[in-house]
2 protein chains.
Amino acid sequence: MKKPVKIDDIAALANTSTATVSRALNNKPGVTEATRQRIIKLAQELNYRPNRIAQNLALQKSHLIGFVAADLLNVVYIDFFRRVQKLVEPLGYQVLISDSEQDVAKERHNIEVLRQHRAEGLIIFPIHDWHSETPVDHLMELRLRKFPFVVLGSIKGYGLDCVTSDEIGVAREMTAHLLSLGHRRVGFIGHDPENRCVNERFEGVRLALREAGLDLDPAHVVAHREGWQEGLRTLLQTAGRPTALVFMNDVLALMAHRLIGDLGIEVPRDLSIATFDNGIWTQHLRPTLTTTVENPQGIARVATDLLLERMETPDGAPQTRLIPQQLIIRESTGPVPQ
Amino acid sequence: MKKPVKIDDIAALANTSTATVSRALNNKPGVTEATRQRIIKLAQELNYRPNRIAQNLALQKSHLIGFVAADLLNVVYIDFFRRVQKLVEPLGYQVLISDSEQDVAKERHNIEVLRQHRAEGLIIFPIHDWHSETPVDHLMELRLRKFPFVVLGSIKGYGLDCVTSDEIGVAREMTAHLLSLGHRRVGFIGHDPENRCVNERFEGVRLALREAGLDLDPAHVVAHREGWQEGLRTLLQTAGRPTALVFMNDVLALMAHRLIGDLGIEVPRDLSIATFDNGIWTQHLRPTLTTTVENPQGIARVATDLLLERMETPDGAPQTRLIPQQLIIRESTGPVPQ
DNA sequence: TAACAAGGCGCAACCGTTTGCGGACATCAA
DNA sequence: TTGATGTCCGCAAACGGTTGCGCCTTGTTA
């Protein structure tokens, strides 16, 4: 590979100093239009490509925003990444994406690397490690050093800048929808108290029921563990079973779909089902599934704004911002069976 | 945000020169163990974090490998990224991922940016622009300048280093499987001659049929355009319709799944269907779908090896490497109806 | 014609790190 | 004591850009 052209080469050929070349190429004042054109032409001919490394060192700016995703296999993060990229590109920033693969150690490592690269701000989807005393101590350290970053997801009460999608609200809305269809016995499939997001969805359901003067019957809750499918099967075979089921997410609903069909239960005639996250299959199964979508655009926009704000004023008070989700009603929820 | 600690700060506190600090922290010879320990301790206390930008400039190495993905929303790329990352991390490289979003202009731009950052090598999943004369002229320019990179996917005949998954082979194997079940009339749904990958799958099917002395009846091919679902419906309602269908990919098969059911056709009793790419729903639909998986591990390994080899010897002759895929036989393919 | 202003340009320092070279010092043998 | 040998370490140049400051040139005005 040939050595890349540098600014000195251009300066030599143009009979100027490197200073002039730099000013010419960066559209800074202090160069006649003639010289500027001469230099630009020369740069093109030589196929000059500024060395970002040197540039960043000289400018004391990395033009880098770090994006630490909990698990890139989830498309949500990619979509988010794209939107952020698009928002900060006009400001001259590059977004560097890194993947924690559901592993706190990797998350720490990624943050460390990004700091070594002198990222100017970080957007973090953290792994929740509920088994450790201080699940977010490395985040607290960032905060302590006034390093600008925002956290996505439901970390509350730690005094961090944070943007979160409103799980509770949409779960509540979904349940209200079921109630309006006449359902009174609503079950929750795949409960996992250790998972904050699932927990919030669960809370939302319970909240809506309570508002209608109902209780969420513990017998109608199937936990998310090995063998949950058996749990679901027996639940569906008991008398007085729920007339509507809320699944913890769309993958679970997909897995249950076949099982429900095999039991000879027809959705929504015999049973209504609803779930979260709008995975592509939810609109192609029969029946199509009632589900929810986040507002990714809103999340990205708000998170980016908040980060930029924090980069401006690293001392500002931490903020929490809540982004509403949308309920999509499809075929799988219908009137309660007579 | 506080100014980060630099090597000078440590040197001052340790009463040494920056040279010694550098040597100490990088485990280079020429420092007594005592001084080394003193410096390391100091570095930890000060929370020193080397400035990668300055480091890279001094070392004339970016430690960067660029990964240009055609469309990050496709999980395949992420999986690939992870594997490559894992392979090159031990060598001290960082993989920088960038997303072309199915847009050639963006692909060019991404490559440009990566070159400005002095990436030492590139892995590129290109967008195929079959409308332009030289679909890959920017890649040819890279090659010309002996910039190390490998292309993934089926770009052949341009003299580039290239790793590709064997679509033809697995399509052929899939078809052979159908033939062995007694099928003689095999249809192909979603043909798109402009898409190289689909084309190869189509070719594989045709090849297998020809080897059995059969022809792929053009009337049994449904093109991938607006309204293909209508085409499929009419095909399935004609007498002498195919007894087996090969779908261009798993998303198409998912979309068709419901349509087939609505026509009262039972799979695989009345009709066998098979497709490509092992999307999560293929194993949860009823019936589960016969499909194919790439060997992502193999692809990543081979691509990385090839890239590293090219980085060593930028002048080496370009190579093409073919990676086999695997056929997964599930419920959706069965014996031909009597 | 001299005094002055203003704009174009170059010199050199700087960004934070690495590293070749040579100086200082200790050790050891003659 | 001297010289040879070797080890530890500092000086300063380099990496490829940016930029404050001051010099020079040119044009304007009295």
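We use all heavy atoms of the structure for the numbers below, so side chains are in, but hydrogens, waters and symmetry mates are not.
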Participant: Assess whether atom CZ of Arg301(A) is packed by more than 12 heavy atoms of other residues, nucleotides or ligands within 6.0 Å.
Facilitator: no

Participant: Give a yes or no on this: more than 12 heavy atoms of other residues, nucleotides or ligands lie within 6.0 Å of atom CD of Gln297(A).
Facilitator: no

Participant: Heavy-atom nearest nucleotide on DNA chain D for Val21(A) versus Arg38(B): which residue maps closer to 5'?
Facilitator: Arg38(B)

Participant: Between Lys106(B) and Asp99(B), does any side-chain N to carboxylate O distance fall below 4.0 Å?
Facilitator: no

Participant: For Lys41(B), does the NZ atom sit with more than 12 other heavy atoms under 6.0 Å from it, leaving out its own atoms?
Facilitator: no

Participant: Identify the residue among Asn74(A), Leu73(A), Ile127(A) that makes a side chain to side chain contact (heavy atoms under 4.5 Å, CB included) with Gln102(A).
Facilitator: Ile127(A)

Participant: Within the pair Gln60(B) and dT18(C), is there a side-chain N or O less than 4.0 Å away from OP1 or OP2?
Facilitator: no

Participant: Should Thr32(A) be listed as having a side-chain N or O under 4.0 Å from OP1 or OP2 of dG7(C)?
Facilitator: no

Participant: Under 4.0 Å, counting only non-hydrogen atoms across every strand here, what does Asn56(A) touch: a base, just sugar-phosphate, or nothing?
Facilitator: nothing

Participant: What distance separates Phe149(A) CZ from Ile123(A) CD1, expressed to the nearest 0.5 Å?
Facilitator: 12.0 Å

Participant: Answer yes or no: does a side-chain N or O of Lys28(B) lie under 4.0 Å from OP1 or OP2 of dT18(C)?
Facilitator: no

Participant: Touch check for Ser22(B), heavy atoms < 4.0 angstrom, all strands: base, sugar-phosphate only, or nothing?
Facilitator: base

Participant: Over how many whole Å does the gap from Arg36(A) atom CZ to dC9(C) atom C1' extend?
Facilitator: 13 Å

Participant: How long is the straight-line distance from CD of Glu141(A) back to CZ of Arg115(A), given to the nearest 0.5 Å?
Facilitator: 5.0 Å

Participant: Any idea how Phe125(B) and Phe80(B) line up, ring-wise: parallel (<30°), tilted (30 to 60°), or perpendicular (>60°)?
Facilitator: perpendicular

Participant: Report for the helix from dT1(C)-dA30(D) to dA30(C)-dT1(D): angle between first-end and last-end helix axes, five pairs each, rounded to 10 degrees.
Facilitator: 60°

Participant: Hey, does Asp9(B) reach any base, or is it just sugar-phosphate, or nothing, if we go heavy atoms under 4.0 Å?
Facilitator: nothing

Participant: Heavy atoms under 4.0 Å, any strand shown: does Asn26(B) hit a base, just sugar-phosphate, or nothing?
Facilitator: sugar-phosphate

Participant: What nucleic acid atoms does Leu57(A) come within less than 4.0 Å of, heavy atoms only: base, sugar-phosphate, or nothing?
Facilitator: base

Participant: Is Gln55(B) close enough to dG16(C) that one of its side-chain N or O atoms is under 4.0 Å from OP1 or OP2 there?
Facilitator: no

Participant: Does the protein touch nucleotides 20-26 of chain C at the base, only the backbone, or not at all? Give it as B, S and - per nucleotide, heavy atoms under 4.0 Å.
Facilitator: B------

Participant: Provide the start and end nucleotides, 5' to 3', of the part of DNA chain D that has atoms under 4.0 Å from heavy atoms of chain A.
Facilitator: dG16(D) to dG20(D)

Participant: Could you check Thr16(B) against Arg118(B) and say which one's nearest nucleotide on DNA chain D is further toward the 5' end?
Facilitator: Thr16(B)

